[in-house]
Amino acid sequence: MPDGPRSTSAPQERAALAALRAHHEEIGTAHLRDLFAEDPDRGRRLTAEGAGLYLDYSKHRVTDTTIRLLVGLAEEADLRARVEAMFNGEKINATEGRSVLHTALRRPRGDSLIVDGVDVVAEVHEVLDRMASFARSVREGAWRGHTGQRIVNVVNIGIGGSDLGPAMAYEALKHFSERSMTFRFVSNVDATDLTEALLGLDPSETLFIVSSKTFGTLETLTNARTAREWLLASAGGDQAAVAKHFVAVSTNAEKVAEFGIDPANMFGFWDWVGGRYSMDSAIGLSTMVAIGPERFEEMLAGFHDMDTHFRETALDRNLPVLTGLLGVWYRDFFGAQTVAVLPYEQYLKRFPAYLQQLTMESNGKRTTLAGVEVQQDTGAIYWGEPGTNGQHSFYQLIHQGTTLIPCDFIGFCRSLNPVGDHQDLLIANLLAQTEALAFGKTRAEVEAEGTAPELVPHRIFPGNRPSSTILARELSPRILGTLVALYEHAVFTQGVIWEIDSFDQWGVELGKALALRILPELSGDAEPAHDSSTNALLERVRSMRRETAE
Ligand code: G6Q
């Protein structure tokens, strides 16, 4: 439960919650060993399939009754109606008064959705077409730099939602990318990020994509200005070079023009696309240049596959709904604080970082849509690393520590780089981990191995550690879209249960304003006026700087 004062006007608790609590009393301590022994078919039955993904949730601490009760909770929260409200463009982002229409970004050409009198799907395809012709001209060498050089380097400058999606997607789809080109991603205002990204690049062959929904983000504008100086220094200060080496992705044409980027070189999107839901909008321009418009279209089709599955499939066979509800089950009934995401696919190495923003920025909230304190815990902490690497570090705690950590294992039957027996070893490890986590190793089993008595307690694995296994054929652009949409909609499902606004981010907005006050105090242009700790730290930074300057 969150700290702090409780609102006195707490809403009436849902009936399904009481039923779930009673059910948790009954089966909360049941061991997966027993659940499997009593129900030999559960490994086949507690599964769901859709949009090219297979979900095995049988290694969760649930029974059919649990799923029925969780689905009842979703029904009581009116999930179906909320889903329709989102897909139809109702202003469900209540605190910002906005529609939430990332699903419109991947609706097929020819579809139509009228919101506030505008066909948003037609607008989406208009931008996609402009992106495609730009991406093609860069890839084919028709778009040239200021001095006539072919563009071979693309640097995306953006942060948060304008970075994590493109950076993740580039890594995930590298196999399909144009290998004669270099793609880099700069986000941090720490100059090291930009400096390292530009190392070895020739400005005359480099294109910057400045990605910022607002075009007012300090980090992005600072990096973009420095990048512009870097370019101009090599172009003898000729401002005309900017038009050939800078394009923008934004909703703010005015600020883009102010920066000096020709609005003709701007790719737009709309206020109904949240930053962390924007990798399939124009924010994905770097992805499209990397993999080409056709592959990008396949990715969009994958997103749409999952959108359709989410919208149309019965709740108890619905992958995002089940994933979201299992998250609620552990968070609110077992007190689990985190979820580990463990892709057994090296190309998905940035996927956990991407999911961190998607899940934690969306559901890290403590106030309901009605403006009162939530009555249960909300968003879990998401984290993870690709397998098998994690097995050699933090899995120890998941196996034998004192904290319950539900895990999502993600695996692919075929490798994009089929070499020797690597893929068999990878998949064998994935399956072995889920099995070991669920069933553990009993004292009797450890003793039967002839283990020295003093070591027996150390070698017991309690098991009963829950996990989902998500399988797909191979990591294609289409499956990447499907996978991202799976989590987008799981997050939405949870937000509906918790009655929070999963689409605002006031915590991020605060950060954007805070540093500006400290800046003049750091340089000595203003006297520090904070608490004693912040004042002393500011003084210390100033004095250390004076020392190093001497
Ligand atoms: C995402 C957040 C946040 C945002 C960045 C960048 O949902 O709102 O991560 O994407 O702060 O914002 P801009 O795209 O406006 O630069």
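Note that ligands are numbered from 1 as they come in the structure, with each ligand's atoms numbered from 1 the same way.
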Ligand 1 atoms in contact with Arg276 (distance to a heavy atom under 4.0 Å): 1 (C), 7 (O)
Any N/O of Thr217 closer than 3.5 Å to an N/O of ligand 1? yes
Give the residue, atom name and distance (to 0.1 Å) of the protein heavy atom nearest atom 15 (O) of ligand 1. Thr214 OG1, 2.6 Å
Is there any N or O on Ser211 that sits under 3.5 Å from an N or O of ligand 1? no
Nearest candidate to atom 8 (O) of ligand 1, where distance is taken over non-hydrogen atoms, out of Lys213, Gln357, Gln505, Glu509: Gln505
Measure the distance from atom 5 (C) of ligand 1 to every protein heavy atom, then report the residue, atom name and distance (to 0.1 Å) of the closest one. Ile159 O, 3.5 Å
Below 3.5 Å, N or O to N or O, backbone or side chain included: is there any such pair between Gly161 and ligand 1? yes
Gap between atom CG of Leu221 and atom CD of Glu258 - 0.5 Å precision: 9.5 Å
Taking 4.0 angstrom as the limit, do Glu96 and Lys91 come out as a salt bridge? no
To which protein heavy atom is atom 2 (C) of ligand 1 closest, and what is the distance rounded to 0.1 Å? Glu361 OE2, 2.8 Å
Any salt bridge between Arg82 and Glu90, counting N to O under 4.0 Å? no
Take Lys244 and Asp238, measure what salt bridge (charged side-chain N to carboxylate O under 4.0 Å, His left out) needs, and give me the verdict at the end. CA-CA 11 Å; Lys244 290 289 168 201; Asp238 186 352; over 6 Å; no
Just jot down the ligand 1 atoms closer than 4.0 angstrom to any heavy atom of Ser212, in number order. 13 (P), 14 (O), 15 (O), 16 (O)
Check whether Arg228 reaches the backbone of Phe259 with its side chain - one donor and one acceptor, N or O, closer than 3.5 Å. yes
Answer yes or no: is there an ion pair linking Arg98 with Asp501, defined by an N-O contact shorter than 4.0 Å? no
How about CD on Glu297, more than 12 heavy atoms from neighbouring residues, nucleotides or ligands closer than 6.0 Å, or not? no
